[in-house]
Structure formats: structure tokens, C-alpha cells
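In what follows, every heavy atom counts, from backbone to side chain, and hydrogens, waters and symmetry copies are set aside. Here is the naming used below: chain letters follow the sequence lines, and residue numbers restart at 1 for every chain.
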Number of protein chains: 2
Amino acid sequence: MKKKTTLSDIAKKLNVTPSTVSRALDDHPRISDSTKKAVLKIAHQFNYQPNNIASALRKGKSNIIGVIVPTSDRQFFASIIRGIEEIVRNEGYSLIICQSDEQTSKEKEKIDALLQIQVDGIIASVAKETTDYDHFKKIRNRGVPLVLYDRIGESLEANAVVINDYMGGYIAVEHLIQQGCKKIAHFAGQQHIGIYQDRMRGYLEAMKAYNIPFNEEWVIESDLIDDTQKILELGKEMTQQLLNLPERPDAIFSASDFAALGAIQFLNEKKISIPDEIALVGYSNDFASSIIEPGLTSIDQYTKQMGNMAAKHFLNQINTKSGEQFTPELTLLTPELVIRASSLRNKHV
Amino acid sequence: MKKKTTLSDIAKKLNVTPSTVSRALDDHPRISDSTKKAVLKIAHQFNYQPNNIASALRKGKSNIIGVIVPTSDRQFFASIIRGIEEIVRNEGYSLIICQSDEQTSKEKEKIDALLQIQVDGIIASVAKETTDYDHFKKIRNRGVPLVLYDRIGESLEANAVVINDYMGGYIAVEHLIQQGCKKIAHFAGQQHIGIYQDRMRGYLEAMKAYNIPFNEEWVIESDLIDDTQKILELGKEMTQQLLNLPERPDAIFSASDFAALGAIQFLNEKKISIPDEIALVGYSNDFASSIIEPGLTSIDQYTKQMGNMAAKHFLNQINTKSGEQFTPELTLLTPELVIRASSLRNKHV
DNA sequence: ATGAAAGCGCTAACAC
DNA sequence: GTGTTAGCGCTTTCAT
């Protein structure tokens with residue numbers, strides 16, 4: 001195992017000081033071209049690798065950004081990570097990605113670990129369990145920039161980027177109405193989570209706007225953040241529940257693709273025709289939505305763009321950090337309806 | 001923004017030296033209980049957070065492990081990450097997760113970045129593009145422990161953990177044979193990648209073992225690591241290709257679930273009955289395999305266990321690092337067949 | 001049981 | 001254009 005080359009090794013070789021070498025490698029303007037060249041040459045020859053840790057200690061900044069995802073196995077989060085990376089790599093930052101597994105306890109642990117590692121900032125989406133945000137406040141108290149995305153703790157003073165879930169709910173339901181549906185049910189997520197509240201609000205407002213009567217029994221709230229298999233089952237159960245109702249709905253807007261997929265499986269089994277007897281729209285445009293028969297209409301979220309924006313927020317914050325008053329900014333992204341067979345009644349329109 | 005508390009802040013407060021404080025926090029045996037208590041109290045009061053960077057610089061170790069995944073949006077990799085974390089968190093390591101996006105160039109970049117950050121080890125799966133392994137050799141040359149998982153560069157001297165893909169291929173095809181299939185096609189992955197070679201070998205050996213004739217035309221090799229949508233399309237095209245053959249196969253063993261999903265969609269469209277006319281088995285047991293109609297029989301890989309094993313390899317390596325000769329170890333995990341309707345001909349067995 | 005002192009490798013203010 | 005010096009915060013050997 002070779003000994004690592006340091007700045008002073010190079011300095012010695014060239015009979016200069018480490019500072020000169022440091023500056024030369026930094027392409028400092030006041031270093032002569034000849035020394036720069038010499039340094040570069042030796043550095044290469046010695047296979048010099050800068051010691052980031054030393055530099056971080058000295059500069060008080062690690063060039064690492066912590067990213068917290070509730071779970072990394074969804075295209076949703078993977079794509080956001082890619083979006084973040086796209087932006088920050090040019091600025092020399094590395095990402096350290098952590099999963100909270102939707103648990104507040106792990107979320108706390110990860111935040112502590114990240115702070116201990118001295119990250120330069122944290123970009124996070126809050127776990128479904130989380131209702132108390134003290135651990136997030138801690139981040140800001142330490143003077144570490146915080147950016148939230150998608151699931152943002154209300155009441156948290158931080159830059160954030162979210163999809164317009166209200167609009168997502170609205171256009172989903174508006175589409176169903178335009179397809180001639182009049183009795184629209186809703187699989188809602190837990191209402192303590194902002195995004196699910198917003199989707200529900202969109203649902204309600206769209207119905208109101210088109211004078212569609214609202215029936216309390218058609219709204220079923222449940223935990224839509226879970227193991228996919230479980231949500232699938234849940235979707236089946238909730239569909240069963242709707243079918244048992246005296247007045248059966250003719251459409252379902254599900255705040256989760258997986259619940260909608262379960263519904264489709266269940267309806268297929270019961271030989272209930274989709275979309276003619278019951279039309280469906282899901283949320284988040286998961287890969288499986290294009291696989292199921294009939295294809296599930298869904299709301300696509302611009303995840304990569306979301307990652308981009310989160311990264312930009314972070315960079316902004318870094319650059320305005322000193323001095324002036326911090327006023328949190330919220331970026332609202334616009335979702336898009338992806339239409340498939342599950343909702344397409346007017347086939348010739 | 002508060003100033004951070006350091007060891008000497010605490011030391012000053014207690015009229016002792018930083019060394020004592022350091023030792024006290026380390027629970028060093030030769031520090032009196034009274035000072036320990038005092039230090040702990042003040043540390044807590046001052047909300048002391050150890051500066052990991054300083055410690056890393058001093059100790060020459062960062063307690064960070066770099067993990068490289070080709071892409072993080074597959075359950076496969078997410079689950080492996082979880083498996084790794086489960087093991088190393090107790091040892092005080094953090095993970096820094098990077099995506100190579102299947103590109104050799106990014107793979108190199110990431111490795112450089114990780115080395116620069118001074119990670120204590122790297123756990124990686126190689127990108128599909130990669131055929132030259134110099135950048136991996138660099139890791140070992142630096143004396144940084146390297147563990148490979150799933151896609152391991154042949155010829156690379158490193159600890160590794162892989163699924164027994166040969167067996168995966170074998171049991172998949174054996175199952176088809178037992179269901180009465182006699183003309184079994186294979187969607188093969190690129191043969192420069194070990195796992196696809198092995199799956200193909202399993203296919204060939206199982207046929208040989210049961211005296212099933214082999215037809216070259218029934219094997220179609222293609223790039224099975226790509227955007228899921230693309231593989232889906234590919235699956236359709238390959239299926240079309242098989243149907244055009246003078247002698248049409250009665251089963252397909254696909255080295256990728258996604259290609260098999262495409263096949264199912266295509267066959268459904270053409271009203272060709274599954275599994276009676278054509279039976280199917282996929283590979284990796286993706287979520288979508290349980291969603292499609294009929295359900296796709298597939299090979300499940302014990303991903304979390306794979307992560308666990310990779311982590312253990314890393315820890316072993318850390319502990320035997322000094323001195324003795326390094327002999328790479330390979331762990332072989334056993335895959336499992338998950339049977340669904342796409343292959344179940346003998347429905348009453 | 002504690003202190004003194006040196007140093008991990010790099011950077012930056014200040015010199016000249 | 002380059003050197004000097006000091007220090008980031010922590011650990012650890014050698015003292016006592």
C-alpha cells in the first residue's frame with residue numbers, strides 16, 4: 001500500500017513551499033506559469049490526490065450535501081436525486097443519500113449523522129410518520145442550509161419545492177367529469193400529510209366547480225405510504241367497500257397509483273368494466289400503471305425538475321447565507337395528466 | 001447562527017486540557033468517573049457535537065463507505081443498500097450512495113470523488129457499459145477496501161457477493177420443462193456481462209439435462225439493462241420475432257422481467273394464450289410482475305441478504321487489512337422461483 | 001489520572 | 001510571485 005502524496009512532498013521536490021503548491025493547483029493568478037506547470041507535472045507524476053478532509057477542516061466546509069429520502073426504491077425519489085445531482089456536481093458537491101424508511105426515529109438519526117459529518121446542507125423530504133419537526137429545526141439552528149421537497153413540514157421555515165398537488169387533484173377529477181363521470185369517489189391519503197390534503201382539496205374544488213354532488217361515503221382515507229403490496233391490497237378492500245354502497249360511484253380518483261392498481265385488479269376479477277362502469281385515475285404515474293390492463297390514467301410529477309429546483313434553492317441559500325434576513329421561498333411545480341384507458345370513456349373524442 | 005462548541009471550550013470551562021475531555025468522551029479507562037461526569041454534563045449543556053472532519057483527519061479514516069449503484073430506482077438496488085446499512089450502521093459507518101447511471105465515465109467520476117473524500121471503503125456493482133476495470137483497480141491500489149456485488153468485474157481481485165445466476169436460469173427452465181414445455185426460447189442479456197452469461201448457461205444446462213433439443217433461433221440476445229420502457233418494447237419485438245419463426249416456441253425464459261412483461265402485453269394483444277400456447281418465466285421478481293395479467297413467474301433474488309453479505313465482506317477486509325495476504329472471497333447466494341400464472345400449465349398439480 | 005506537545009494536510013492573511 | 005506563520009479540531013505519545 002503506497003504512502004499518499006501530500007502538498008509538501010511536491011513542495012520539497014520543487015524547493016518551494018506548500019502554500020505555493022496549493023496556490024498553483026488552485027490556479028491562483030499570482031503564481032507564475034512556469035511554477036504552475038512544474039507543480040502540475042510533479043503532482044501528476046506523484047499521482048497526487050488532494051486530501052479533502054484536511055481541506056474541509058481548514059475551510060470549514062465539506063462540499064457534501066446530505067439528501068434524505070423516505071425510501072429510495074421509487075422512481076420518484078431516484079429521479080429527484082438525479083435532478084439534484086445534475087445541478088450540484090458542477091459546483092463540486094457530492095451527495096450523501098440517506099433513507100429514513102418513513103420512520104421519524106431514523107430520520108432523526110440520519111440528520112444527526114449528517115450534521116456530525118459536517119455536511120454543507122441538507123435536502124430532505126419528511127417521513128410519513130413525522131409530525132414533530134424539532135430535528136429539522138436543529139438543522140437550521142446549526143446554521144446548516146435546509147431545503148425540503150415534496151413532503152415539507154408545514155410550519156418549517158425553509159426553502160421548499162413541491163408539486164402543486166391541489167392542481168393535480170383538480171385536473172384528475174376535472175378529467176373524470178369531462179369523461180361523463182358524476183359520482184366520483186376518492187381514495188385519500190392520511191390528512192396530516194400536506195400533499196394528501198391538497199389532493200383532496202383539488203378533488204373537492206373540482207366537484208364544486210362543476211356542480212357535482214359530494215357524498216361523504218365515497219371518500220376513504222387510509223395510509224397510502226406503505227409497502228406496495230399492502231397498498232395494493234388496501235386498494236382492493238376499499239373498492240369492495242365502495243361496491244357495497246347503496247349508491248355505487250362511477251369513478252375513483254386515487255391519491256396513490258398502487259391503490260388504483262389494486263382497484264383495477266379487483267374490478268377485473270369482478271368483471272366490472274373499466275372505464276365504462278367505473279373509471280379510474282391514479283397519482284404519480286408509476287411504471288406499473290402502464291403495465292396493467294387497462295392502462296391507468298395518472299398524474300405525472302416532474303421529479304427531475306423538482307430535484308433541480310431543490311438544488312438551486314440550496315445554492316441560493318449558500319450564497320446569501322451571511323447577513324441578510326432569510327425568507328423561505330416555496331417553488332410550486334405543475335403536474336400533468338397522463339391519459340390511459342382506465343378513464344377514457346369518450347373513445348372517439 | 002451559533003458558534004460551534006469544541007473540545008477546548010469544554011476544557012476551559014472545567015480547567016482541564018482538551019486531551020482529558022477527548023478521553024473522557026471516549027470513556028477512556030484512566031479518566032476518573034468524576035471528570036467523566038463533569039465533561040459529559042458540560043458537553044451536553046454546551047450542545048457539543050464532535051467535529052468528525054477533524055477526527056477523520058487525525059485518525060486518517062472517515063467512517064464513510066461509498067456505495068455505487070448503477071441506478072437507484074430499482075427495488076433491487078434500494079434493497080441492497082438497506083441490507084448494507086443494516087450491518088454497518090452499528091459500526092459507526094455512514095453510507096454515501098452514488099449512481100453510475102450505467103455509464104463507465106460516471107463510474108470513474110464517482111470513484112474519484114469517493115477516493116477524494118477519503119472513504120474507508122467502496123461497495124460497488126459495475127455499470128453495464130464497463131469492460132475495462134482500471135478505475136476499480138485504482139481503488140485497491142490506494143489501499144481502499146473494495147467489495148463488489150451482483151455485477152462483478154471478472155478478473156477483478158476483490159471480495160464479491162453474487163446471486164447464483166446459473167442456478168436461477170436452471171430452475172427457471174427446469175420449471176418450464178416440468179410444466180410440459182419442450183420448445184423453450186430465451187431472451188438473453190448481453191453476454192459480456194457475467195450474470196447474463198450465467199443465466200444462459202443455466203438455460204442450456206437445464207435443457208441438456210432433460211434432453212430438450214436446443215434451437216439457436218430461439219435465443220435472442222439484447223441489451224436488457226436500459227430504460228424500462230425500452231426493454232418493454234424490446235420484449236414485444238423479440239416476441240414478434242419468435243412468432244415469425246417456422247417452428248414457434250412454446251415457452252420463453254427471459255433474463256429480464258421487463259422484457260417478459262413486454263412479451264405478455266404483446267401476446268395478450270395477439271390473443272395468444274398464456275401459458276397454454278406460450279409459457280413465460282422472467283427474472284428478478286419486479287413489483288410489476290405481480291400486477292400484470294397473467295402474473296409473471298419470476299426468479300427472486302435475495303437482495304437484502306446480498307447487501308448484508310457485502311457489508312460483512314467489507315468489515316472483514318477492514319479487520320484483516322494489515323499484514324496478511326489478501327485472498328478474495330466470493331459469496332454465492334441462492335435464488336428462488338416465484339410461481340405465478342404465466343407458467344402454470346398443470347393447474348391441478 | 002491528567003497534561004504538554006506535536007501533528008494530521010491544507011489554506012489564507014500577511015508579509016516582502 | 002512566493003514565503004512565513006498560524007491554525008482548523010481532534011487524537012495520541014510521552015511525560016509526570
**Report entry** DNA chain D contacts among residues 22-32 of chain B, heavy-atom distance under 4.0 Å
**Finding:** B:S22, B:R23
Query - Nucleic acid contacts - residues 37-52 of chain B versus DNA chain D, non-hydrogen atoms under 4.0 Å - result: B:Y48, B:P50, B:N51
Query raised in the report: Any side-chain donor-acceptor pair under 3.5 Å between A:S22 and A:S19?
Result: no
Interatomic distance where [atom1] belongs to [X] and [atom2] belongs to [N] [whole Å]:
X: A:L7; N: D:dT2; atom1: CG; atom2: P; result: 16 Å
X: A:K36; N: D:dG1; atom1: NZ; atom2: C1'; result: 10 Å
X: B:K61; N: C:dG9; atom1: NZ; atom2: C1'; result: 19 Å
X: A:I10; N: C:dG9; atom1: CD1; atom2: P; result: 13 Å
X: A:L57; N: C:dC8; atom1: CG; atom2: C1'; result: 9 Å
X: A:I117; N: D:dC10; atom1: CD1; atom2: P; result: 16 Å
X: B:I53; N: C:dG9; atom1: CD1; atom2: P; result: 16 Å
X: A:L14; N: D:dT2; atom1: CG; atom2: C1'; result: 13 Å

Residues forming a side chain to side chain donor-acceptor pair (under 3.5 Å) with [X], sequence neighbours excluded:
X: B:T331; value: B:H313
X: B:N52; value: none
X: B:S79; value: B:T303

Query raised in the report: If you take atom types as modelled and just measure distance, does the side chain of A:S19 reach the base of D:dT4 with a donor-acceptor pair under 3.5 Å?
Result: yes
What residues form a salt bridge (Lys or Arg N to Asp or Glu O under 4.0 Å) with [X], not counting sequence neighbours?
X: B:K128; value: B:D223
X: A:K312; value: none
X: B:K12; value: none

**Report entry** 5' precedence on DNA chain C between B:P18 and B:K59 (nearest-nucleotide basis)
**Finding:** B:P18
Query raised in the report: What does B:D33 touch in the nucleic acid at a heavy-atom separation under 4.0 angstrom: a base, only the sugar-phosphate, or nothing?
Result: nothing
Requested in this report: Tell me what A:T17 touches on the nucleic acid: a base, only sugar-phosphate, or nothing, going by heavy atoms under 4.0 Å.
Outcome: base
**Report entry** Sidechain N-carboxylate O distance under 4.0 Å for A:D134, A:K108
**Finding:** no
**Report entry** Nucleotide of C:dC10, D:dG3, C:dG3 approaching B:T20 most closely (side-chain heavy atoms)
**Finding:** C:dG3
Query - By ring-ring contact (aromatic ring centres under 6.0 Å, His included) - contacts of A:Y302 (at least two apart) - result: none
